[in-house]
There are 2 protein chains.
Amino acid sequence: MLDLDEIDLKILNELQEDARISHQVLSERVGLSPSPCSRRIRILESKGIITGYSAHIDERKLGFAMNIFVSVKLAHQVDTGLVSFERAIRLCPEVVDCWLMTGNRDYLLRVSVRDLDEFEHFLTARLTRIDGVSSIESSIPIRRVKGGMSRLT
Amino acid sequence: MLDLDEIDLKILNELQEDARISHQVLSERVGLSPSPCSRRIRILESKGIITGYSAHIDERKLGFAMNIFVSVKLAHQVDTGLVSFERAIRLCPEVVDCWLMTGNRDYLLRVSVRDLDEFEHFLTARLTRIDGVSSIESSIPIRRVKGGMSRLT
DNA sequence: CATGAAAAAGTTCACCA
DNA sequence: TGGTGAACTTTTTCATG
């Protein structure tokens with residue numbers, strides 16, 4: 001079903017580092033000519049191994065200088081909690097990352113804000129108003145050491 | 001210095017959702033013609049607002065089905081701890097994300113592994129062997145609810 | 001900033017090895 | 001599967017309004 005060889009992994013690696021590289025340059029780097037190269041790309045896309053392409057945007061340059069991790073626990077009695085909580089979270093522009101954790105109704109969020117004032121507003125005007133939210137814990141990172149790329153090897 | 005208008009934000013949004021969109025289609029969507037559109041893109045790149053383009057790869061399809069968050073605390077006495085720890089982390093293919101947290105010598109990692117066996121190997125053969133690592137706590141997410149995009153608004 | 005045309009570059013396809 | 005070359009599309013640049 002998958003059958004990825006070394007060349008496919010090289011292609012994935014190159015496209016992960018620069019999605020707008022031309023097929024010509026890409027084909028030279030992976031040691032192929034352009035045609036089979038673009039064929040392989042289309043196969044990788046159709047198999048769902050490549051799921052899309054996106055521009056990387058420097059959030060700090062747009063004014064979102066702060067990241068904050070927030071652990072959220074939902075109240076035990078709320079039965080439709082997960083679905084409605086997740087729907088609410090997806091509508092928050094501040095939340096850039098959200099994981100459902102093992103353990104009961106535990107979420108880990110990463111929120112992106114301009115400053116602490118905006119974070120306080122996010123907490124009071126949004127997060128605490130979502131139905132079923134019972135406890136919140138925040139921690140503040142200083143900087144990102146590594147990130148943004150998928151594991152390939 | 002920045003001077004981003006509505007159209008620039010639309011461009012960023014479109015490129016974040018599909019970095020390989022053609023300039024023609026993009027220009028239609030943002031309500032411009034292709035020439036000024038590509039000029040704006042180049043400006044956004046040169047200002048460092050767009051920092052790159054990358055393919056999204058489905059890690060699960062490559063066999064990396066599990067994510068694990070790992071909190072690491074470094075021993076207090078290790079002075080060159082941060083630099084050498086970070087260098088070691090950058091060399092671990094399993095670590096897809098790493099944040100330096102506030103609080104003393106605290107890191108939050110996200111590691112991507114095939115299964116618990118590989119995770120155990122990562123812990124015993126890699127992480128615990130890095131100089132200065134004093135305590136480790138793991139938590140396992142069930143699924144990602146939201147993620148992968150930068151905040152724009 | 002829009003338009004339109006021309007030049008350059010990139011992509012895709014049929015066909016052969 | 002990979003290579004070649006032709007047909008096609010897209011991108012870039014420029015003159016003009």
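Throughout, a chain's letter reflects where its sequence line sits, starting with A, and its residues are numbered from 1.
Protein chain A contacts DNA chain C from C:dG10 to C:dC13, reading 5' to 3' and using non-hydrogen atoms of the protein with a distance under 4.0 Å.
Using the six-membered ring where Trp is involved, B:F69 and A:W99 have ring planes that are perpendicular, over 60° apart on the 30 and 60° scheme.
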Please report the C-alpha distance between B:Y107 and B:F85 in whole Å, then the side-chain angles of each, then the deciding distance to 0.1 Å, and finally whether the ring-ring contact (aromatic ring centres under 6.0 Å, His included) criterion is met. CA-CA 10 Å; B:Y107 286 92; B:F85 176 79; 4.5 Å; yes
When you look at A:R151 and B:E59, which way does the salt bridge (charged side-chain N to carboxylate O under 4.0 Å, His left out) test go after all the steps? CA-CA 6 Å; A:R151 182 172 177 195; B:E59 292 180 325; over 6 Å; no
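We find that NE2 of A:H23 is positioned 17 Å from P of D:dT9, with the value rounded to whole Å. If you measure from atom CZ of A:R39 to atom P of D:dT4, you get 13 Å, rounded to the nearest angstrom. Atom CD of B:E45 is separated from atom P of D:dT11 by 13 Å (rounded to the nearest Å). Going from atom CD1 of A:I41 over to atom P of D:dG2 covers 13 Å, rounded to whole Å. In this structure, the CD atom of A:Q24 is 14 Å from the P atom of D:dG3, given to the nearest Å.
Place A:P36 and A:R20 on DNA chain D by their nearest nucleotides, and A:P36 ends up nearer the 5' end. Between B:P34 and A:P34, the one whose closest nucleotide on DNA chain D sits nearer the 5' end is A:P34. Each of B:R40 and A:S38 was matched to the nucleotide of DNA chain C holding its nearest heavy atom; the match closer to the 5' end belongs to B:R40.
The shortest distance between the side-chain N/O atoms of B:R42 and the OP1/OP2 oxygens of D:dT13 is below 4.0 Å.
For B:S35, the listed nucleotide lying nearest its side chain is D:dC14; candidates were D:dT4, D:dC14, D:dT1.
Heavy atoms only, all atoms of each residue included: A:R110 and A:N67 are closest at NH1-OD1, 2.8 Å. Here the shortest heavy-atom pairing between B:H23 and A:R20 reads NE2-NH2, 3.6 Å.
The residue B:S33 sits close to a base: some heavy atom pair falls under 4.0 Å.
The number of heavy atoms from other shown groups lying within 6.0 Å of CD (A:E45) is above 12.
Using a 4.5 Å heavy-atom threshold, the side chains of B:I41 and B:L15 count as touching.
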